[in-house]
Amino acid sequence: MAEKHHSIDAQLRLLAPKKVSEDDKLVEYDALLIDRFLDIFQDLHGPSIREFVQECYEVAAEYERDRDSAKLSEIGSRLTKLSPNDAIVVASSFSNMLNLTNLAEEVQLAHIRKNKIKSGNIAEEGIAATESDIEETLKRLVELGKSKEEIFDALKNQTVELVFTAHPTQSVRRSLLQKHARIRNCLTQLYAKDISEDDKKELDEALQREIQACFRTDEIRRAQPTPQDEMRYGMSYFHETIWKGVPKFLRRVDTALKNIGIDERFPYNAPLIKFSSWMGGDRDGNPRVTPDVTRDVCLLARMMAANLYFSQIEELMFEPSMWRCNEELRARAEELYGSTQKVSKHYIEFWRQLPAHEPYRVVLAYVRDKLYNTRERARHILSSGLSDIPEDSTFKNVEEFLEPLELCYKSLCECGDKTIADGSLLDFMRQVSTFGLTLVKLDIRQESERHTDVIDAITTHLGIGSYRSWPEEKRQEWLLSELSGKRPLLSPDLPQTQEIADVLGCFHVLAELPRDSFGPYIISMATAPSDVLAVELLQRECHVKEPLPVVPLFEKLADLQSAPASVERLFSMDWYINRIGGKQQIMVGYSDSGKDAGRLSAAWHLYKAQEAMAKVAKRFNVKLTLFHGRGGTVGRGGGPTHLAILSQPPETINGSLRVTIQGEVIEYSFGEEHLCFQTLQRFTAATLEHGMHPPASPKPEWRALLDEIAAVATEEYRSVVMKEPRFVEYFRSATPETEYGKLNIGSRPAKRKPGGGIETLRAIPWIFSWTQNRLNLPVWLGFGAAFKHAMKKDIKNFQMLKDMYNEWPFFRVTLDLLEMVLAKADPIIAGLYDELLVAEELKPFGKQLRDNYVETEKLILQVLGHKEVLEGDPGLKQQLRLRDPYITILNVWQAYTLKRTRDPSFQVAPQPPLSKEFADENQPRGIVKLNPASEYGPGLEDTLILTMKGIAAGMQNTG
């Protein structure tokens with residue numbers, strides 16, 4: 001091997017803070033991973049290309065230190081001269097190094113967390129700001145004067161439902177994520193205290209294997225995933241972490257309760273944690289989610305659930321070998337043992353060999369046999385549409401499943417074997433209670449206009465007019481009249497477009513499949529009570545015997561403002577209030593509200609809408625559950641879970657919370673067992689704390705000021721995004737928005753409707769595009785104008801804003817997250833995109849936006865009391881400094897690659913190949929794939945995609 005180069009390692013030490021705490025291993029971890037990667041890179045491609053990579057890094061590090069834009073041009077000049085094959089290899093190398101830096105960061109954070117918990121100093125270094133330990137929370141509530149009985153009752157009645165969404169924003173392939181997990185594991189073990197030299201050598205070899213495997217794996221998705229692929233992607237987390245994580249977490253709840261004086265175990269059937277999914281049910285603007293897809297996904301989920309239970313009970317049934325039991329269990333065992341006709345042919349021989357004097361095994365074997373039938377019946381129907389396994393030989397509901405398990409548990413307790421009962425059997429019962437027969441319930445989501453289309457077709461066919469043209473009052477009157485009556489509205493001769501047939505087909509699937517397969521029916525872009533009543537009527541017309549709860553999703557600013565009145569009108573209807581049985585779920589959308597009005601205004605109106613709807617629900621004695629449609633990025637409502645929950649308005653959670661888990665957030669929340677455990681802790685503890693010790697309500701003068709500046713922020717945001725005639729063209733020039741679809745991230749189109757402007761673009765590509773060019777415009781636009789207005793109007797407002805930041809959790813979280821986004825932005829790099837990609841007549845507009853950014857940052861820092869961004873979070877600042885050189889290189893490369901793909905006249909003569917892999921031939925090998933069908937020049941498409949994925953990994957925000 002050629003002599004090693006340590007330029008990157010040297011730069012890492014240069015960029016790191018001068019004083020690093022003893023337990024902060026980030027620089028050490030990062031240097032080890034990067035050094036191993038560069039050795040592998042050199043072995044595969046030779047010293048010349050390694051030297052090229054390190055030189056580019058050094059220039060980028062100089063840029064980060066000096067902020068000299070000439071360094072960006074120097075990087076661009078170097079990169080554009082690479083041959084197509086070299087370009088892909090080098091882009092992949094920087095993307096891989098960035099991923100390794102992220103892995104080092106994750107291991108370091110786990111190291112800090114572990115040490116702080118061991119020492120009892122969890123409140124140090126900001127850990128408490130993002131973590132929420134269940135035991136610490138229970139103890140804190142006791143210290144606040146809550147009795148242990150109050151805490152136990154609140155916890156037993158609490159429900160947190162986590163919903164995996166159908167539009168993943170995870171840009172990293174699942175196969176790579178699994179390799180990343182193994183790298184984290186190797187790195188953690190390498191730095192364990194009690195490790196031998198031989199173990200170190202073996203772990204180092206394993207680490208090198210995984211790093212090389214990552215580099216040699218194609219990072220690019222070559223085909224767009226189907227909704228079924230998305231569902232399997234989501235379900236893989238249940239197999240790998242969540243299935244075992246739930247009982248492990250519930251045992252920790254038992255321990256935490258015991259430590260505050262509760263000797264009773266947490267009830268196995270208390271609905272503390274639930275899981276749902278949109279994968280295969282979210283048809284909002286996604287024509288690929290058809291009724292057949294929904295049916296397949298539901299059957300697949302039932303099959304997967306039965307298979308997990310089947311594997312588990314095969315282990316469980318050999319544990320309770322005792323013969324002592326109560327009379328009830330003995331009678332059941334004797335009945336089952338003598339009823340071989342009820343047994344699947346697959347297990348007749350097993351039953352003949354089963355000892356009759358072991359009653360627990362007899363009962364559990366029968367459960368196992370029904371699980372086998374349940375799984376096989378679902379598999380048969382999924383593959384061929386029918387099954388010869390009779391339905392009565394399967395489990396049809398969770399109560400039927402739990403009954404024999406409860407019988408065994410009760411018998412063990414009565415016979416003095418409660419210790420045994422509280423082992424694997426209790427874990428299994430908790431899994432059954434949590435996951436049911438479907439693993440996750442499938443939500444259905446559809447846009448309100450699609451229901452309007454169907455109802456309009458019905459009224460037109462009946463000859464009573466066009467429903468679409470009716471005012472809201474007439475719509476409500478007619479819908480309530482039909483709901484109170486019995487006449488059928490759907491006839492075989494109803495004229496149907498393909499869109500109408502799809503809507504009705506979905507309702508027919510709801511009528512066909514078991515009710516426990518589904519969660520609620522969500523109406524996106526809901527605006528009025530008639531949207532809810534229309535879905536209720538369509539469920540009845542399609543013979544859905546147990547109708548799904550209907551959940552309006554209020555997203556845009558105007559809809560959030562009118563939401564309380566809409567809810568009040570619904571609750572005032574006798575038919576509707578009788579229908580819901582005292583329970584209502586309402587979803588609030590962070591993504592489209594932010595795209596519609598800007599982050600500041602959206603956050604404040606979401607806050608106020610929740611407050612007002614909670615008051616309406618309380619007045620009508622309805623238990624309200626708010627469903628938070630939060631994305632992974634700040635622009636879509638993302639942020640640390642603990643802080644996000646504790647900053648919600650008082651009286652809006654009350655022990656019941658539903659929230660989406662999306663894209664990269666799924667991996668960071670459930671990618672490993674310890675992450676799963678922490679996620680369940682955060683949601684449970686923070687929800688309990690909010691309900692029992694809610695945050696203070698904002699002062700009237702704070703409300704008045706925020707009302708005023710939010711209006712200014714909205715006007716500023718919309719004047720740029722909605723009203724500025726140059727904006728759309730600038731946006732599509734200065735960002736990779738038009739190239740976004742090549743990433744094959746999700747099954748859904750980037751737009752709800754073909755054509756149109758910003759209003760039709762989904763929130764994910766909207767945020768993604770601005771994150772890529774480092775301007776992050778949707779998050780900060782409007783803040784500067786709002787704060788400038790407040791300070792100019794009255795100098796006292798400056799102190800009021802500081803007080804709001806220091807004393808009001810909602811406002812503090814809003815500004816802290818904004819500061820984090822500002823730290824990741826870079827107006828100089830955004831300026832490079834303008835220089836290369838934007839027409840001359842649009843460049844003054846781009847400069848205007850960057851000047852606005854600079855002014856906004858100054859104003860925010862004044863309110864925070866900081867001299868520079870992230871002054872109060874040196875840990876995050878260090879992490880960003882280590883990532884930034886890699887991201888800068890990828891940004892420059894992306895900007896130049898976009899220039900080459902968009903401007904055919906921009907030609908660069910490539911230099912001879914640097915990599916030894918391509919020195920003797922022109923045919924690509926290894927990870928390099930030059931797409932012959934690409935509309936771009938050789939290698940440009942893959943290079944562009946690699947830069948997009950790399951930047952997403954470095955920013956840790958993809959949408």
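Computed from a predicted structure; not experimentally measured.
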From Phe670, Trp278, Tyr233, residue fulfilling ring pair (Phe, Tyr, Trp, His ring centres under 6.0 Å) relative to Phe164: Phe670
Parallel, tilted or perpendicular: rings of Phe37 and Phe41 (30°, 60°): parallel
Main-chain N/O of Ala91 paired to Ser95 side chain as donor or acceptor, under 3.5 Å: no
Main-chain N/O of Ala213 paired to Thr217 side chain as donor or acceptor, under 3.5 Å: yes
side-chain hydrogen bond (donor to acceptor under 3.5 Å, both in side chains) between Asp204 and Gln208, worked out: CA-CA 6 Å; Asp204 193 43; Gln208 292 180 61; 3.2 Å; yes
Heavy-atom donor-acceptor pair, Thr901 side chain to Leu898 backbone, under 3.5 Å: yes
Lys81 atom NZ: more than 12 heavy-atom contacts under 6.0 Å: no
Lys179 and Glu210 ion-paired at < 4.0 Å: no
Whether Glu819 side chain and Val869 backbone form a donor-acceptor pair below 3.5 Å: no
Nearest heavy-atom neighbours spanning Cys56 and Leu79: SG-CD2, 4.0 Å
Side chain Ser769, main chain Pro765, donor-acceptor under 3.5 Å: yes
Any donor-acceptor N/O pair, Asp86 side chain to Ser915 backbone, under 3.5 Å: yes
Tyr853 side chain to Leu822 backbone, donor-acceptor under 3.5 Å: yes
Residues Asp43 and Arg50 bridged, charged N to O under 4.0 Å: no
Flag, side chain of Arg774 to backbone of Lys824, donor-acceptor distance under 3.5 Å: yes
Asn96 (side chain) donor-acceptor with Ser92 (main chain) under 3.5 angstrom: yes
Side chain to side chain, Leu832 and Ile828, heavy atoms closer than 4.5 Å: no
Backbone of Gln772 reached by a side-chain donor or acceptor of Asn891 within 3.5 Å: yes
Lys/Arg-Asp/Glu bridge criterion (N-O < 4.0 Å) met for Arg902, Glu739: yes
Nearest non-hydrogen partners of Val821 and Asn776, listed with the distance: O-ND2, 3.3 Å
Worked verdict on Tyr896 versus Ser73 for side chain to side chain contact (heavy atoms under 4.5 Å, CB included): CA-CA 10 Å; Tyr896 276 88; Ser73 299; 4.2 Å; yes
